[in-house]
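Below is one structure, written out as structure tokens; the observations come after it.
Below, chain A is the first sequence line, B the second, and so on; all start at residue 1.
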2 protein chains.
Amino acid sequence: MHANVKQNVVPLITPGLKVACSQCNLRELCLPFGLSDNDMSRLDHLIGGGRKLKRGQHLYRAGDRFESIFAVRAGFFKTDVLTEDGRDQVTGFQMAGEILGMDGISTEAHTCNAVALEDSEVCLIPFVELEMLSSEIHSLQHHLHKVMSREIVRDHGVMMLLGTMRAEERLAAFLLNLSQRFSARGYSPAEFHLRMTREEIGSYLGLKLETVSRAFSRFQEEGLISVQQKHVRIVDIPGLKALLAPPDGRIG
Amino acid sequence: MHANVKQNVVPLITPGLKVACSQCNLRELCLPFGLSDNDMSRLDHLIGGGRKLKRGQHLYRAGDRFESIFAVRAGFFKTDVLTEDGRDQVTGFQMAGEILGMDGISTEAHTCNAVALEDSEVCLIPFVELEMLSSEIHSLQHHLHKVMSREIVRDHGVMMLLGTMRAEERLAAFLLNLSQRFSARGYSPAEFHLRMTREEIGSYLGLKLETVSRAFSRFQEEGLISVQQKHVRIVDIPGLKALLAPPDGRIG
DNA sequence: GTATCCCTTTGATATTTGTCAATGCAACCA
DNA sequence: TGGTTGCATTGACAAATATCAAAGGGATAC
């Protein structure tokens with residue numbers, strides 16, 4: 001299966017796309033976090049160059065042999081898991097500075113698909129070499145562990161969302177999460193462009209696209225956001241946050 | 001918060017409970033997997049001894065300082081995340097050979113609670129020392145990464161379950177997963193004792209306890225299982241598996 | 001040994017979300 | 001620039017699950 005070799009070979013590593021970690025404005029969000037200049041330059045040598053992807057292209061597919069993890073340099077990705085019986089679950093959306101592909105370590109093969117939702121760029125980080133270097137640079141090793149652990153904690157947050165929240169709470173949590181991540185990257189926390197469709201949001205949130213659309217409309221009616229297609233402006237951040245409280249706080 | 005110091009101090013490390021990895025019948029399921037005899041004995045020296053917990057006791061709580069990960073030697077645990085607004089999500093159930101506590105690496109503090117669901121025993125694995133040793137023993141380092149990655153993949157499976165499955169599908173998947181894990185440990189895949197309540201199952205599966213109970217009853221009516229309280233016997237494993245197919249296979 | 005408490009089961013009803021269907025909007029391609 | 005196509009919105013209705021309520025069963029503690 002996944003013998004889609006041609007399609008996978010098209011977006012080759014782009015020579016000359018290499019940007020040193022030490023020069024990268026994402027380094028504080030990314031793998032080099034906390035490294036000394038010297039250690040960072042050792043990491044530079046390991047990064048296998050970059051790769052550009054057009055919107056819609058796969059960075060990897062479930063079943064692909066695992067060789068590298070990836071750092072998003074620019075753009076926007078989704079990851080999703082597809083089962084034999086046709087279920088499709090979006091497991092995350094990744095933006096600049098975030099690490100993709102750690103699911104592949106356990107079985108030496110990727111277990112999900114990663115797709116660019118807009119034209120994007122990633123850095124390739126060959127994993128065998130990363131392990132070798134991280135056994136020499138303790139802070140790199142520890143930071144790698146933190147990145148993996150953070151992914152586990154993030155996943156727990158998604159479980160919480162899927163397991164305990166209602167449709168509007170899920171969407172509110174989703175928008176606040178995006179807002180916070182855009183903000184951390186120097187973009188407006190209040191106004192942004194959604195790269196994904198209602199269906200992809202729905203898949204991530206465990207909802208049908210119509211439910212997502214209705215929740216957007218309702219938020220707009222209530223003056224919490226202003227939304228037109230993929231353009232979102234959050235008008236009332238505290239109001240959105242208040243939606244996440246109710247479980248027993250529904251006294252009023 | 002979580003100033004429950006007394007309660008946490010009670011279950012001290014039990015001296016003399018130490019069992020060498022090399023002597024442990026769980027080693028093929030656990031962290032020592034794939035190590036040479038020599039490397040395993042180095043790991044032995046690092047394991048900080050064991051700890052016994054009575055049913056209901058916490059192994060750690062959200063907010064506790066992170067120092068070790070834990071390997072379940074015997075017994076059964078649940079982990080759950082509690083939010084300020086009162087939501088409670090069970091994120092997993094852990095049995096012998098499984099590793100607990102990796103959520104704590106990212107922030108140096110545990111982010112969830114781990115509770116023994118029956119009298120249990122764990123091995124303490126001090127994380128700083130594990131990192132030191134794993135930078136010397138490549139296969140240990142790599143296996144640690146695999147264990148963390150496996151946790152990420154497992155979490156994706158739970159997301160799939162919560163995001164795409166209906167109540168009975170979730171319970172079927174849950175039972176089959178338990179069955180498979182018991183089987184891997186030499187227990188019957190068909191007959192076992194649930195250590196958790198309907199409410200805990202419900203929390204894990206994103207359902208209310210009544211819905212879980214009704215699904216159990218329905219499986220029994222249909223001759224898929226036989227269930228009385230916490231005792232479960234799976235009568236028709238293929239039948240349960242068939243429940244997981246339908247998304248478009250509902251042609252018949 | 002017995003009483004208590006928690007867990008489980010089951011029923012009736014309410015709420016939420018999904019499904020089906022139609023229409024509208026926007027971007028993209030020719 | 002006009003048509004086509006995919007995405008989004010909205011409505012009416014159906015299905016799934018939650019909620020509320022009551023009663024039974026087991027395990028545990030005293």
Side-chain angles (χ1 to χ4, degrees), chain A residues 54-56 78 86-90 115 117-119 161-172 174-175 193-222 225-232 243 246-248 250, chain B residues 54-56 78 86-90 115 117-119 161-172 174-175 193-222 225-232 243 246-248 250:
Chain A
K54 287 276 174 206
R55 179 156 73 94
K78 73 165 177 183
R87 293 177 204 278
D88 183 3
Q89 173 72 30
V90 171
V115 186
L117 295 182
E118 63 181 15
D119 293 359
L161 180 147
L162 292 169
T164 75
M165 293 187 187
R166 312 209 274 125
E168 295 190 4
E169 295 169 339
R170 295 184 198 186
L171 186 63
F174 174 69
L175 291 173
H193 184 82
L194 297 172
R195 275 72 171 181
M196 69 297 279
T197 66
R198 299 290 187 265
E199 186 168 18
E200 288 164 333
I201 297 173
S203 171
Y204 182 62
L205 300 180
L207 302 169
K208 293 295 164 183
L209 68 94
E210 294 94 330
T211 306
V212 173
S213 180
R214 280 184 241 272
F216 269 120
S217 301
R218 198 137 206 282
F219 285 176
Q220 179 154 255
E221 281 167 29
E222 291 170 355
I225 67 173
S226 148
V227 57
Q228 195 182 8
Q229 306 285 122
K230 292 196 158 68
H231 183 88
V232 174
L243 281 182
D248 40 45
R250 47 174 84 139
Chain B
K54 287 275 174 206
R55 181 155 72 94
K78 73 165 177 183
R87 293 177 205 279
D88 184 3
Q89 173 72 29
V90 170
V115 186
L117 295 182
E118 62 183 15
D119 294 359
L161 180 146
L162 292 170
T164 74
M165 293 187 187
R166 312 210 272 125
E168 295 189 3
E169 295 168 340
R170 295 184 198 186
L171 186 63
F174 174 70
L175 290 174
H193 185 81
L194 298 172
R195 275 72 171 181
M196 68 297 281
T197 65
R198 300 290 188 263
E199 185 169 19
E200 287 163 334
I201 297 172
S203 171
Y204 181 62
L205 299 179
L207 301 169
K208 293 296 165 184
L209 68 94
E210 293 95 331
T211 305
V212 173
S213 179
R214 279 184 242 271
F216 270 119
S217 301
R218 198 138 207 280
F219 285 176
Q220 179 155 256
E221 282 167 30
E222 291 169 357
I225 67 173
S226 147
V227 56
Q228 195 183 7
Q229 305 286 123
K230 292 195 157 70
H231 182 87
V232 173
L243 281 182
D248 42 44
R250 47 174 84 138

Could you go through nucleotides 28-30 of chain C and list every protein N or O atom that sits under 3.5 Å from one of its N or O atoms, giving the distance for each pair?
none

Taking atom CD of A:E200 and atom NZ of A:K78, what is their separation to the nearest 0.5 Å? 4.0 Å
Residues passing the salt bridge (Lys or Arg N to Asp or Glu O under 4.0 Å) test with A:E199, sequence neighbours excluded, are none
A:R198 side chain near D:dC7 phosphate (N/O to OP1/OP2, under 4.0 Å): no
Which residues pass the side chain to side chain contact (heavy atoms under 4.5 Å, CB included) test with B:E118, not counting sequence neighbours? B:F76, B:S120, B:R195
If you take any heavy atom closer than 4.0 Å to DNA chain C, which residues from residues 208-222 of chain B end up in contact? B:L209, B:E210, B:S213, B:R214, B:S217
Side chain to side chain donor-acceptor pair (under 3.5 Å): pairs with one or both residues in residues 207-217 of chain A, sequence neighbours excluded: none
I'd like to check the salt bridge (Lys or Arg N to Asp or Glu O under 4.0 Å) partners of A:R218; sequence neighbours left out, ordered by chain and number. A:E168, A:E222
Looking at every strand, decide which applies to A:G202 at a 4.0 Å heavy-atom threshold: base, sugar-phosphate, or nothing. nothing
The side chain of B:Q228 is closest to which nucleotide in this list: D:dG26, D:dA18, C:dT8? D:dG26
Please enumerate all residues that pass side chain to side chain contact (heavy atoms under 4.5 Å, CB included) together with B:V227, with sequence neighbours excluded. B:R198, B:F216, B:Q220, B:I225, B:V232
When pairs are called at under 3.5 Å and a stem needs at least three consecutive Watson-Crick or G-U pairs, the stems of DNA chain C are C:1-30 with D:1-30
Among all residues two or more places apart in sequence or in another chain, which pass the side chain to side chain donor-acceptor pair (under 3.5 Å) test with A:H231? A:E191
Salt bridge (Lys or Arg N to Asp or Glu O under 4.0 Å) partners of B:D119, counting only residues at least two apart: B:K54
Sequence neighbours excluded, which residues qualify as ring pair (Phe, Tyr, Trp, His ring centres under 6.0 Å) partners of A:Y204? A:F93, A:F174
For A:K230 and D:dC7, is the shortest distance between a side-chain N/O and OP1 or OP2 below 4.0 Å? no
Could you give the distance from OG1 (A:T197) to NZ (A:K230), rounded to the nearest 0.5 Å? 6.0 Å
